[in-house]
Amino acid sequence: MLIITCPFCGPRDEVEFACGGEAHIARPLADNEISDADFADYLFMRDNPKGLFLERWRHSAGCRRWFNVARDTVSNEIVEIYPMGSLPLKATAKTTYKTSWRRDTAAEKAATPSRSKAGGSK
Amino acid sequence: MAKNHPDRGQRGLPGGAPRYSAFALAKKAMNYHQDWQRAWRDPEPKAEYDAVIIGGGGHGLATAYYLAAVHGLTNIAVIEKGWIGGGNTGRNTTIIRSNYLWDESAAIYEHSMKLWEGMSQDLNFNVMFSQRGVLTIAHSEHELREMSRRVHAIRLNGIDSEILGPAEIKKFVPTINIDQSIRYPVMGGFLQRRGGTARHDAVAWGYARAADDLGVDIIQKCEVTGLRRQGRKIIGVETSRGFIKTKKVGCVVAGHSSVVAAMAGIRLPIASRPLQALVSEPIKPILDTVIMSNAVHMYISQSDKGEMVLGAGVDKYNSYAQRGSFPVPEHMLAAAVELFPVLSRLRMLRHWGGIVDTCPDASPIISKTDIEGLYFDCGWGTGGFKATPGSGHVFADLIANDRPNKIAAPYSLDRFRSGLLIDEHGAAGVAH
Ligand SMILES: Cc1cc2nc3c(=O)[nH]c(=O)nc-3n(C[C@H](O)[C@H](O)[C@H](O)COP(=O)(O)OP(=O)(O)OC[C@H]3O[C@@H](n4cnc5c(N)ncnc54)[C@H](O)[C@@H]3O)c2cc1C
Ligand SMILES: [Zn+2]
């Protein structure tokens, strides 16, 4: 069983948490402008590495808040826990973020600029 | 059927291997079983093959066998990084059934069921296929209603399926607790009498022996480490024992599908998760069928050795460590003991996990890719053992003819672009 350190509550048993799968999947806001294949990258295709993986967890039976975890899928070692909306700081986790195929997808490119636009117009 | 069973009942082993028979068994007994021949060779990889299958699980071996037996492709190899059947094939709880909701699923699982029914004959290998029935129980009014809808859909596809009430269930499974006051009361269930179990290792060994006899090279302890391409074409595989040239590669690596796909820059919608099972110490026969419960994520049967075989739901996070998280079997056992109070004092003998390749719609991928000569058969997740023969049969056809047949076509990777999913989540529950 994993012991996960909730950034808000401290170390707790895995049973208190829900796993939300791959982190850093940005929704392409201009989804009508990208192809179905590109949208499928966002909706269905998943990074599934053997090794370091960036994923989202929620302290569902505790404070119910979300956060990101960099965990090794072979050893289960948790390398870093960092807030939603931010990127990891540890070198290995940074590399995992940068080298994911997702960074090159049209879906992700369609997400970033329009996201800031949407934010600005609020 | 003749077309699907090219050799049913007639084949010796054409490659010359002696047939297994009761007579052979008696004869070898005279010599204390000292001089049995090898069941398959242990060849060195050749420099080039007409096709290479990555993954020596049941699906990969079945694919190779049908490529040789049905399509005449015999200059082929199965490449396995460990030993054959050491993946999910040798780790599963062996439940076989074909009672799925959607037409596409009915087609492939029933195709498989028919192949199971003739497999021991076809392969001249006793796979101990036992049609002892699979009973799925409902614990709520809603589940029961959903179940009857499913039973009608299944019957419309010509597949046997019937609803049982609690009293009928008690008669069919005397050890079950049908007291309505327990946390998960038995309110009814549905039964496929043609469902059952088979000996998992025997399936891998039977296909391996029959494929080997037709000339297929089964290469163990050889890991594929890369896929070599020339433009959009496959030209070979890099392995821990050197480069092997080939124009066709079939990837059948279950939990490692995303890892192998990444070698060719292909993305899959798959998450690799541990699925756990355990067996008790052996006891006298108390259960002669298979019981499944979707609501509590439990399934149970008794092996011929007498062990109670129990499986749990899938773990909640991705992992390649072939061991799961403890709370999962704990939850399953709590429910199992309530349903079968007789289990409460049994000791656990072994517990293990396998890495399953789960797909968003709980249906497999049998598909070409946008790289010429590269094919995938994966995404069987928690429930692909039952599909072993059918999957191998249609995948061999896809590789040989470079186009999917009618059964395989809906399982193309394209469905995640077109949206034509085959959503078996509700239908299959825990999906075994
Ligand atoms: C605990 C558990 C219970 C289950 N219960 C059931 C059930 O009751 N009924 C049911 O129908 N299904 C069940 N399943 C699912 C079923 O086991 C699988 O869907 C099925 O066995 C998959 O077969 P396969 O041949 O595709 O995979 P595997 O048997 O896993 O074979 C894949 C092979 O590929 C090899 N491989 C991987 N990467 C490489 C590489 N790079 N190079 C060379 N070789 C490689 C692996 O070593 C492995 O041997 C269960 C699974 C588990 C884990
Ligand atoms: Zn918390």
Side-chain angles (χ1 to χ4, degrees), chain A residues 1-4 12-23 25 31 34-61 67-78 81 96 99-108, chain B residues 81 223 225 253-274 276 314-331 353 355-361 363 365 369-370 378-379 381 412-421 423:
Chain A
M1 175 147 44
L2 302 180
I3 294 179
I4 301 170
R12 301 291 179 88
D13 281 349
E14 160 193 326
V15 287
E16 291 187 15
F17 297 86
C19 183
E22 186 184 339
I25 306 177
D31 51 14
I34 66 172
S35 71
D36 287 350
D38 289 334
F39 195 70
D41 282 340
Y42 155 74
L43 192 58
F44 290 122
M45 300 305 161
R46 287 294 173 266
D47 212 359
N48 185 23
K50 184 174 184 173
L52 205 55
F53 184 41
L54 309 180
E55 60 191 359
R56 298 168 306 164
W57 284 79
R58 182 166 57 104
H59 193 188
S60 48
F67 52 92
N68 290 317
V69 175
R71 179 179 60 91
D72 190 301
T73 59
V74 180
S75 67
N76 271 334
E77 186 197 355
I78 293 175
I81 291 181
T96 303
T99 52
S100 167
W101 55 263
R102 194 173 290 286
R103 305 289 88 80
D104 297 324
T105 58
E108 174 138 333
Chain B
K81 69 174 173 173
E223 179 169 0
T225 52
V253 292
H256 279 77
S257 297
S258 302
V259 175
V260 173
M263 295 174 189
I266 289 178
R267 297 159 199 162
L268 294 175
I270 284 177
S272 295
R273 300 268 178 87
Q276 305 179 65
V314 70
D315 276 38
K316 64 184 175 187
Y317 49 88
N318 291 13
S319 169
Y320 287 84
Q322 284 185 112
R323 56 181 186 272
S325 183
F326 183 68
V328 177
E330 189 186 30
H331 167 81
I355 303 305
V356 297
D357 40 341
T358 58
C359 241
D361 57 355
S363 285
I365 295 164
T369 61
D370 49 18
C378 60
S412 149
L413 252 177
D414 277 341
R415 76 175 187 273
F416 298 101
R417 293 168 195 138
S418 67
L420 290 171
L421 304 186
D423 188 3

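By convention in this document, chain letters (A, B, ...) are assigned in the order of the sequence lines, proteins followed by strands, and residues within each chain are numbered from 1. Since we're looking at a predicted model, the values are computed, not measured. Basis for what follows: all heavy atoms, side chains included, without hydrogens, waters or symmetry-related copies.
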Using non-hydrogen atoms only, which part of [X] is less than 4.5 Å away from chain B: side chain, backbone, both, or neither?
| X | result |
| --- | --- |
| Arg102(A) | neither |
| Asp38(A) | neither |
| Phe44(A) | both |
| Asp72(A) | neither |

To the nearest 0.5 angstrom, please state how far the [atom1] atom of [X] sits from the [atom2] atom of [Y].
| X | Y | atom1 | atom2 | result |
| --- | --- | --- | --- | --- |
| Glu22(A) | Asn318(B) | CD | CG | 9.0 Å |
| Tyr320(B) | Phe53(A) | OH | CZ | 9.0 Å |
| Asp47(A) | Arg267(B) | CG | CZ | 10.0 Å |
| Phe17(A) | Lys316(B) | CZ | NZ | 8.5 Å |

With chain A as the partner, which of [options] has the greatest number of non-hydrogen pairs under 4.5 Å?
| options | value |
| --- | --- |
| Cys359(B), Ser258(B), Gly255(B) | Ser258(B) |
| Gly324(B), Ser257(B), Gly419(B), Ala321(B) | Ala321(B) |
| Ile270(B), Val259(B), Val328(B), Asp361(B) | Ile270(B) |
| His256(B), Arg323(B), Arg417(B), Gln322(B) | Arg417(B) |

Counting heavy-atom pairs under 4.5 Å to chain B, which of Ala37(A), Gly20(A), Ser75(A) comes out on top? Ala37(A)
Close side-chain approach of Arg46(A) and Leu268(B), heavy atoms under 4.5 Å: no
Heavy-atom check, side chain of Tyr317(B) versus side chain of Leu2(A), under 4.5 Å: yes
By a 4.5 Å heavy-atom criterion (distance strictly below it), what part of Leu421(B) contacts chain A: side chain, backbone, both, or neither? side chain
What are the two closest heavy atoms between Met45(A) and Pro269(B), and how far apart are they? SD-N, 3.5 Å
Under a 3.5 Å cutoff, is there a donor and acceptor pairing between the side chains of Asn48(A) and Ser272(B)? yes
